[in-house]
*Asks:* 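The structure is given below, and queries will be raised subsequently.
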Amino acid sequence: MTNVLQVDHLSTYFYTESGTVKAVDDVSFRVREGETVCIVGESGCGKSITALSIMGLVEEPAGKVVGGDIQFQQDQLLGMSKNELRTLRGNEMAMIFQEPMSSLNPVLTIGQQIIEPLVVHQKLSKKAARLKAIELIELVGIARAEQIYDSYPHELSGGMLQRIMIAIAISCNPKLLIADEPTTALDVTIQAQILDLLRELKDRTKMSIMLITHDLGVVAEMADYVIVMYAGKIVEEGEVVELFNNPKHPYTQGLLRSKPILNQRQEELYSIPGQVPNPLALTESCYFHDRCGHCMSICQTKQPPLQQIADKQQVACWLYEEAMQHV
Ligand code: SF4
């Protein structure tokens, strides 16, 4: 499978009055054709900023991509002008955001918002774009498509709005769809329907999906490959079955332990002790050391590198130092 997206040593910093926040710090990964890569981690671990960096949507001057390369198909994204990026966005790569209500324009009809990328990127006439928009509304499973076309966002439910966001995102047949917590604001039934829809669209169009979530249930259902981020860094990555069956990093193990298990009575749900470190006070230590039950003296002074420990699994943890040397 060829790579659709290749991210190498990406670093994105934010400059605050109190100091520099390394929101994404030396992150590398790839997304291959037709593959779903899930990025997981707690809030503030850098998942969404990674996505915004790829889309060229980090707001400067507060934030800045300070290093690395992002290759999308044949193009290097970081050297591109704003116009060139705008041409790619919504066309060959698209993004679905967490809150559809705040992403859609409340004073424009649903139809006006769906036809915009079709007119701008695909150069369709308004009449042809309208027909295509109605087709897309039907495709994402909404009945009475013509009526919905003329509706305003406030007239639709959260689940319908998220489907409309998906319709806009896939309107130009993107090669890469980035979905940032696309089901967080929805109840479980609608969440399952949206995930089914994304899977079905992926199978039909062969697009690649980069899915950002903190929900391991979503990861288990959707992912081919999983990347676990903590405090701006990748701490573990691997194929979904391997990572769920044999998590190596204590943070991944904690995340999986804190997931409720269906039909099993649990007196109390496990939660990882402690808090994510203050991003303004990071040291040379392993960032997870003061929450880790396996912490050793080296962990407090030296950050473990991300290293391959098995055929398709990488981890950044000193517990596997020996395994790293033998790969
Ligand atoms: Fe825990 Fe040390 Fe591994 Fe960090 S490097 S996760 S502190 S064992």
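Order of appearance sets the numbers: ligands from 1, and atoms from 1 within every ligand.
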*Asks:* Would you check if there is a donor-acceptor pair between the side chains of Gln307 and Glu321 at a distance under 3.5 Å?
*Replies:*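 Gln307 and Glu321 do not have a side-chain donor-acceptor pair below 3.5 Å.
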*Asks:* At a 4.0 Å threshold, what atoms of ligand 1 neighbour a non-hydrogen atom of Trp318?
*Replies:*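 Going through ligand 1 atom by atom, the ones under 4.0 Å from Trp318 are 3 (Fe), 5 (S).
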*Asks:* Examine all N, O or S atoms of Cys286, backbone included, and report whether one is under 2.8 Å from atom 4 (Fe) of ligand 1.
*Replies:*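 It does; at least one qualifying atom falls short of 2.8 Å.
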*Asks:* Without swapping roles, check the side chain of Gln313 against the backbone of Asn246 for a donor-acceptor pair under 3.5 Å.
*Replies:*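 Yes, because the side chain of Gln313 sits within donor-acceptor range (under 3.5 Å) of the backbone of Asn246.
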*Asks:* So, 2.8 Å as the limit: is an N/O/S atom of His294 located closer than that to atom 2 (Fe) of ligand 1?
*Replies:*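 Checking His294: none of its N, O or S atoms is under 2.8 Å.
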*Asks:* If you look at every heavy atom in Leu201 and Met207, which pair is closest and at what distance?
*Replies:*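 Nearest heavy atoms, Leu201 then Met207: CB-CE, 4.0 Å.
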*Asks:* So which heavy atom in the protein is nearest atom 2 (Fe) of ligand 1, and how far is it from that ligand atom?
*Replies:*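 Heavy-atom neighbour on the protein nearest atom 2 (Fe) of ligand 1: Cys299 SG, 2.3 Å.
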*Asks:* Taking the six-membered ring of Tyr149, is the NZ or CZ of Arg130 close enough (under 6.0 Å from the centre) and on axis enough (within 45°)?
*Replies:*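 Output yes; distance and angle both within limits.
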*Asks:* May I ask you to check whether Gln71 and Gln76 show a side-chain donor-acceptor distance below 3.5 Å?
*Replies:*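 Yes, side-chain donor-acceptor contact under 3.5 Å.
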*Asks:* In the protein, what heavy atom is nearest to atom 3 (Fe) of ligand 1, and what distance, to one decimal place, separates them?
*Replies:*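 Nearest neighbour among protein heavy atoms for atom 3 (Fe) of ligand 1, to 0.1 Å: Cys317 SG, 2.3 Å.
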*Asks:* Considering all heavy atoms of both residues, which atom of Leu108 and which atom of Pro153 are nearest to each other, and what is their separation?
*Replies:*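 Nearest heavy atoms, Leu108 then Pro153: O-CD, 3.3 Å.
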*Asks:* Any idea which part of Cys292 is under 4.0 Å from ligand 1, heavy-atom wise: side chain, backbone, both or neither?
*Replies:*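 Near ligand 1, Cys292 shows its side chain, while the N, CA, C and O stay back.
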*Asks:* By number and element, which atoms of ligand 1 are closer than 4.0 Å to a non-hydrogen atom of His289?
*Replies:*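 With His289 as reference, the close atoms of ligand 1 come out as 7 (S).
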*Asks:* Just which atoms of ligand 1 are under 4.0 Å from any heavy atom in His249?
*Replies:*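 In order of number, 6 (S).
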